[in-house]
> 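One structure follows; several queries about it will come next.
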Number of protein chains: 2
Amino acid sequence: MFVSRKISESTVRRLSHYLRSLEGFPDIGGTVSSEELAARGQTTAAQVRKDLSHFGSFGKRGLGYSVDQLRDRLRSILGVDRSWRVALVGAGRIGLALFEYPAFRSRGYDCVAIFDSDPEKIGQAWADQVVRSPDEFEKVINELDVELVILALPADGAQEMAMRAVDAGVQGILNFAPIRLNVPPEVPVEDVNLVMELEALSFQITQGEQDA
Amino acid sequence: MFVSRKISESTVRRLSHYLRSLEGFPDIGGTVSSEELAARGQTTAAQVRKDLSHFGSFGKRGLGYSVDQLRDRLRSILGVDRSWRVALVGAGRIGLALFEYPAFRSRGYDCVAIFDSDPEKIGQAWADQVVRSPDEFEKVINELDVELVILALPADGAQEMAMRAVDAGVQGILNFAPIRLNVPPEVPVEDVNLVMELEALSFQITQGEQDA
DNA sequence: TTACTTTTGTGAAGAATTTCACAATACAGT
DNA sequence: ACTGTATTGTGAAATTCTTCACAAAAGTAA
């Protein structure tokens, strides 16, 4: 019914997935059943209904969910019905890839500052942005009201910048550095660890072969 | 004891994390306790022991685990005690970032081919590689014995290339395209979805504020 | 050898998540 | 209005994952 405490990580991932499916629906004004949504997300209809039920009941029995309504509701639940002010820390290949990732800006994640400690890079123009020195970090974060920080730098600098981001009042961190960041529990961190993903893959392949 | 069926996704992620921690240990010949390992991975000592116990018992009571031995064992479990032949599909920003990611090659993931459908890109040299046309895909995958494919292309081309990869005999797929791939269950797929990560982050921030 | 300390490996308990199953309800057709 | 069909919302059951707690080592020191 109400927004109960503790929505699990897996539920959130599925919600994000449902939203992605709904965005693929051209059918304006139509409806979608939990069954259809499940088919697109390799989960079950019951799981879809359970996930959605944590936030209220916005389906119609016998009919399903209004695509438009559900999409709007999911956007609001996931916090993407607004825009976020993001700073990118690390102007390497990964930083560049993210900066130019189309889905990034199109979903309201506005990159308003870029930092890198490499003197070669400081001052470089990236689209409408200029790469800044980390010396300016706190000042810029405050002046531009940055809410999210993306850490796309090597492991050794990541912990320090995470701390500085938290102290500067940032609300969340997307971390690409392959270390576990030590931050206060009230600041959410999401990790993207490419090595871990590859290892999960080779694990599954290796295991699969052992079974055969 | 023995490698039992069905190791959970979360266990695999933790194993990968333990390995990362152990690689940071300069201490050659030393030992490490489940307690220490847990502290580095924001989990508990009992969890570490349970995770490891799925694959045998390679600790010494009263002493802990031999760093060297455990590291080797984890490498073997995760399948990174060997090298993997990888093809990159999509020579955009994300593809480039991955191609140049140092941890990539250093862990035995050898990129042996790059494909892109953009005629502008075909023929470009990337380090020791040349970007190839997807027309050559099946031929090259077979000739070079490619085992893993990294899909770093837009959503609309991803499903087709996934299918072609599976038909060509590829054993696993790392997917950066924001769609759920439809492949036979015996071919493992790992998804890296940047939008999903950002949404998980904004969800947590939004939720946190509602509680306060 | 014996006592003491440490830390593993693991059954059992507890917690969390997923699936089941069905009453409630919404609409369509007649 | 009534019958039939579809589909939600949700307790309860089943399953999976995590934590607890402690006996079984393994080393150390006297």
> I'd like to know if A:Glu23 and A:Arg107 make a salt bridge, using a cut-off of under 4.0 Å between side-chain N and carboxylate O.
yes
> Take the protein atom CZ of A:Phe55 and the nucleotide atom P of D:dG9, then report the distance between them rounded to whole Å.
14 Å
> Between C:dT18 atom C1' and A:Ile7 atom CD1, what is the distance in whole Å?
15 Å
> If you pin B:Ala45 and A:Asp51 to their nearest nucleotides in DNA chain C, which one's is more 5'?
B:Ala45
> Rounding to 10 degrees, work out the angle separating the end axes of the helix from C:dT1-D:dA30 to C:dT30-D:dA1 (five pairs an end).
10°
> Test side-chain contact (heavy atoms from CB on, under 4.5 Å) on B:Ile7 and A:Phe203; report intermediate values, then the result.
CA-CA 10 Å; B:Ile7 302 299; A:Phe203 171 82; 3.9 Å; yes
> Check this for me: does any side-chain nitrogen of one of A:Arg105 and A:Glu100 sit under 4.0 Å from a carboxylate oxygen of the other?
no
> Please determine whether a side-chain nitrogen or oxygen atom of A:Arg61 lies at a distance below 4.0 Å from atom OP1 or OP2 of C:dA23.
no
> Sorted by first residue and then second, give each side chain to side chain donor-acceptor pair (under 3.5 Å) pair with at least one member in residues 152-166 of chain A; sequence neighbours left out.
A:Glu138-A:Arg164, A:Glu160-A:Arg164
> Walk me through it: do A:Ile114 and A:Val89 pass the test side-chain contact (heavy atoms from CB on, under 4.5 Å)?
CA-CA 6 Å; A:Ile114 306 171; A:Val89 181; over 6 Å; no
> Rounded to whole Å, please give me the gap between NZ in B:Lys50 and C1' in D:dT16.
12 Å
> How many whole angstroms separate atom NE2 of B:His54 from atom P of C:dT10?
10 Å
> Looking only at heavy atoms, which two atoms of A:Asp145 and A:Arg85 are closest? And how far apart?
O-CD, 3.4 Å
> Taking the side chain of B:Arg49 as heavy atoms from C-beta outward, which of C:dA21, C:dT17, C:dT8 is closest to it?
C:dT8
> For D:dC17, does either OP1 or OP2 sit under 4.0 Å from a side-chain N or O belonging to B:Gln47?
no
> D:dT18 P sits how many Å from B:Lys6 NZ, rounded?
13 Å
> Rounded to whole Å, how long is the line connecting atom CD of A:Glu9 with atom P of D:dT16?
21 Å
> Does A:Thr44 have a side-chain nitrogen or oxygen under 4.0 Å from the phosphate oxygens OP1 or OP2 of C:dT19?
yes
> Rounded to whole Å, please give me the gap between CG in A:Leu63 and P in D:dT8.
9 Å
> Is the distance between the ring centroids of A:Phe99 and A:Phe104 under 6.0 Å?
no
> Counting only non-hydrogen atoms, which of residues 32-42 of chain B are less than 4.0 Å from DNA chain C?
B:Ser33, B:Ser34
> How close or far is atom P of D:dT10 from atom CZ of A:Phe58, stated in whole angstroms?
11 Å
> Distance check: side-chain N/O of B:Tyr65 vs OP1/OP2 of C:dG9, anything under 4.0 Å?
yes
> Hey, are A:Glu199 and B:Arg75 close enough for a salt bridge, meaning a charged N less than 4.0 Å from a carboxylate O?
no
> Please step through side-chain contact (heavy atoms from CB on, under 4.5 Å) for the pair B:Val32 and B:Leu22, ending with a clear verdict.
CA-CA 9 Å; B:Val32 61; B:Leu22 291 173; 4.0 Å; yes
> Cut-off 3.5 Å, side chains only: do B:Ser202 and A:Tyr109 have a donor facing an acceptor?
yes
> Out of D:dG27, C:dA26, D:dC17, which nucleotide sits closest to the side chain of A:Lys60?
C:dA26
